[in-house]
Amino acid sequence: MAEKLTPREKNFSEWYVDVVLKSKLADYSDVKGCMVIRPNGYAVWENIQRGLDGMFKATGHKNAYFPLLIPESFLRKEAEHVEGFAPQLAVVTHAGGKKLEEPYVIRPTSETIINSMFARWIQSYRDLPMLLNQWANVIRWEMRTRLFLRTTEFLWQEGHTCHETDAEAEEETLRMLEVYRTFAEEWMAMPVLAGLKSDSERFAGAVRTYSIEAMMQDRKALQAGTSHNLGQNFARAFGTQFQGRDGQQHFVWQTSWGASTRLVGGLVMTHSDDAGLVLPPKLAPTHVVIVVIGKGEERGPVVAKAQAVAEDLRKAGLSVLVDDDESKGPGFKYFEYELAGVCLRMELGPKDLAKGACVLVRRDDRSKESVPLDQAVAVARAKLDAMQKALFERARAFRDANTFVVGSLEELKKRADDGFLVAQWCLAPACEARIKEETGGVTSRNRPFTLKQEPGSCVVCGNPSPGAWVWSKAY
RNA sequence: CGGGGAGUGGCUCAGCCUGGUAGAGCACUUGGUUCGGGACCAAGGGGUCGCAGGUUCGAAUCCUGUCUCCCCGACCA
């Protein structure tokens, strides 16, 4: 039931939890650090999957599925990889009532087990490129969890590809990052900065990691997708080789890239407000709810009309709910559907019917308009398109208004909670570490492609710097 | 893991200090009246008080342990 949410101003974290719980996206489970994704939340995830999966297929990838359990020895084959993931692993030591000869690790990511198969499947350059994707769950033991943003088990998609050359792998890495950028901006209406990650933020086992970074309403950054150029690191560890055009054996060049249910959290923190969930139409499970108004006998014709309009809207490709529940008043329902994040509310009552009209209310700005019924479908679609666009524009304006160029460590400290900070950095890990320490958690987010690289001097040490990076506190 | 807070019908919480066999509001069910921004009346159903020990004639209440969640830090998608 719709209790009041904690306002964002008062406590952003509590607001976030309130929205997720009360809009029934997810619930806590009895398993520590794990959540249950409820039908509302799963419907959003399914829409995300649909969108991304279509883009993966369009870029030549095929879906496959690899085991949840990975022999521990596989993880050990790539030194940096094990080291990076060791603290987060869940390990199965017993099965079938007996202690296992070799423990299994529950996958935190699948590079190793997939490479064990790539090594068997790839013989020749004619087998390349190999472009696979897997939709799966993974487990990473976390100290502190947050609904959708960081849970012990989460759902994601991990792409794994093999290429003949380094250049092709790099091209693929950037291509998939661009897929994420496009998806984030065009589907999620979430503006992002696509760019290079620093070495300290690089995926364990990768040569280079790229990310897309979004700004949430509390001005903190959310890494919303990553794409890695793995070079030949895993290929060497697993002997994934092919006979090249030159007749020689070569290790394949690989990439991997992933996006997770964290995106749902990003959606919430980007668009929602103190009344509840706001979802971009392209991902919203319900586009329109038709609230039937009226009492007793006057309801009959209204319900009939509502159903007819719903049918028309559905034919136009919209997802529609008709609410003719007589036991609740309309006002109550308005609050409920706003909380649930339905994009458009259509109010339909006897007065509207008399005029041959209905009232349409947009969730994001609550703008209200009386619309002739014969134009309802066209207007609804136009409003949804406008809403999709408006959400993106508003989020972008917010991000831009909270992005600052800073010229010194002092300024960086002062603005630590203000948003995205653009600062020159000499690339020395020590300077990066110092920023994190002195600012109470500001880290390098990435070096956006769109950020012009002009030489300057590092805000920490003053040494020459090749260009600026974006810094922020992050989820 | 450190600091702070909280676990009592589905939800929000009272009761705990000063032990005596569990209560309110909301939600839910049924019937009726309502319906353009959170309707009302009446009747009803629902809780081994997070879990496990202990003290006691008797524990929601006192003691010990443990689990979970929230907030703030350290690690991470």
Side-chain angles (χ1 to χ4, degrees), chain A residues 1-4 6 10-18 20-22 24 27-35 84-89 108-109 138-158 180 197 200-201 203-204 209 211-214 221-228 256-266 275 291-299 302 323-339 345-355 357-359 361 366 368 370 436-437 440-441 443 473-475:
Chain A
M1 194 9 259
E3 305 285 322
K4 289 135 273 138
T6 304
K10 191 178 164 211
N11 186 330
F12 192 81
S13 298
E14 276 179 21
W15 164 81
Y16 173 76
V17 171
D18 281 353
V20 170
L21 256 26
K22 288 176 179 166
K24 299 188 181 132
D27 202 351
Y28 293 111
S29 80
D30 293 320
V31 184
K32 184 181 170 64
C34 293
M35 67 173 182
F85 278 106
Q88 290 189 279
L89 296 179
T109 180
V138 289
I139 282 191
R140 297 183 185 177
W141 221 255
E142 299 285 354
M143 288 172 162
R144 187 177 164 191
T145 56
R146 292 159 82 69
L147 293 166
F148 285 112
L149 303 173
R150 175 161 296 105
T151 46
T152 296
E153 179 184 14
F154 59 93
L155 305 183
W156 77 344
Q157 142 290 303
E158 46 179 327
Y180 289 145
K197 279 293 207 186
S200 73
E201 300 272 332
F203 174 73
T209 288
S211 72
I212 55 170
E213 305 276 338
L222 181 79
Q223 178 174 305
T226 51
S227 187
H228 316 291
S256 69
W257 24 276
S260 71
T261 37
R262 164 177 260 203
L263 292 178
V264 179
V291 177
V292 170
I293 299 165
K295 55 172 177 175
E297 288 170 9
E298 64 190 16
R299 282 182 82 87
V302 180
D323 188 341
D324 67 342
D325 180 358
E326 269 190 86
S327 68
K328 294 184 178 68
F332 176 86
K333 295 176 183 178
Y334 300 166
F335 284 102
E336 224 179 28
Y337 292 113
E338 282 171 6
L339 177 65
R345 175 173 79 236
M346 182 182 292
E347 304 171 6
L348 195 61
K351 292 179 202 167
D352 299 299
L353 231 51
K355 288 191 291 188
C358 63
V359 172
V361 185
R366 289 200 182 68
K368 204 177 232 190
S370 180
K436 184 174 181 183
E437 199 175 312
T443 52
K473 289 193 177 172
Y475 278 98

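When reading the values below, keep in mind they use all heavy atoms of this one structure, side chains included, and skip hydrogens, waters and symmetry mates. Reminder, nothing fancy here: chain letters follow the sequence lines and each chain counts from 1.
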Any donor-acceptor pair under 3.5 Å between the side chain of A/Glu338 and the base of B/rG37? yes
Give none if B/rG73 has no partner; otherwise give the nucleotide forming a Watson-Crick or G-U wobble pair with it, both distances under 3.5 Å. B/rC1
Using Watson-Crick geometry (N1-N3 plus N6-O4 or O6-N4) or G-U wobble (N1-O2, O6-N3), each under 3.5 Å, B/rA43 is paired with B/rU29
What is the nucleic acid contact for [X], judged by heavy atoms within less than 4.0 Å: base, sugar-phosphate only, or nothing?
| X | answer |
| --- | --- |
| A/Glu347 | base |
| A/Gln88 | sugar-phosphate |
| A/Val138 | nothing |

Are A/Tyr334 and the base of B/rG37 stacked, counting only ring centres nearer than 5.5 Å and planes tilted under 30°? no
Under-4.0 Å side-chain N/O to phosphate OP1/OP2 contact, [X] with [N]:
| X | N | answer |
| --- | --- | --- |
| A/Lys436 | B/rC75 | yes |
| A/Lys328 | B/rC28 | yes |
| A/Ser13 | B/rC72 | yes |
| A/Tyr28 | B/rC70 | yes |
| A/Arg366 | B/rG37 | no |

Compare the minimum distances between each of [options] and the side chain of [X], then state the nucleotide with the smallest one.
| X | options | result |
| --- | --- | --- |
| A/Arg146 | B/rG36, B/rG38, B/rC72 | B/rC72 |
| A/Val17 | B/rG73, B/rC70, B/rG36 | B/rC70 |
| A/Phe335 | B/rC70, B/rG38, B/rG36 | B/rG38 |
| A/Pro350 | B/rG37, B/rC28, B/rG36 | B/rG36 |

Compare all side-chain heavy atoms of A/Tyr180 with those of A/Thr226 and state whether any distance is below 4.5 angstrom. no
Parallel, tilted or perpendicular: which fits the ring planes of A/Phe154 and A/Trp156, with parallel below 30° and perpendicular above 60°? perpendicular
Polar contact flag, side-chain donor to acceptor under 3.5 angstrom, A/Thr209-A/His228: yes
Decide whether A/Asp18 and A/Thr6 meet the rule of one side-chain donor and one side-chain acceptor closer than 3.5 Å. yes
For A/Trp141, look at atom CH2 and say whether over 12 heavy atoms of other residues, nucleotides or ligands are found less than 6.0 Å away. no
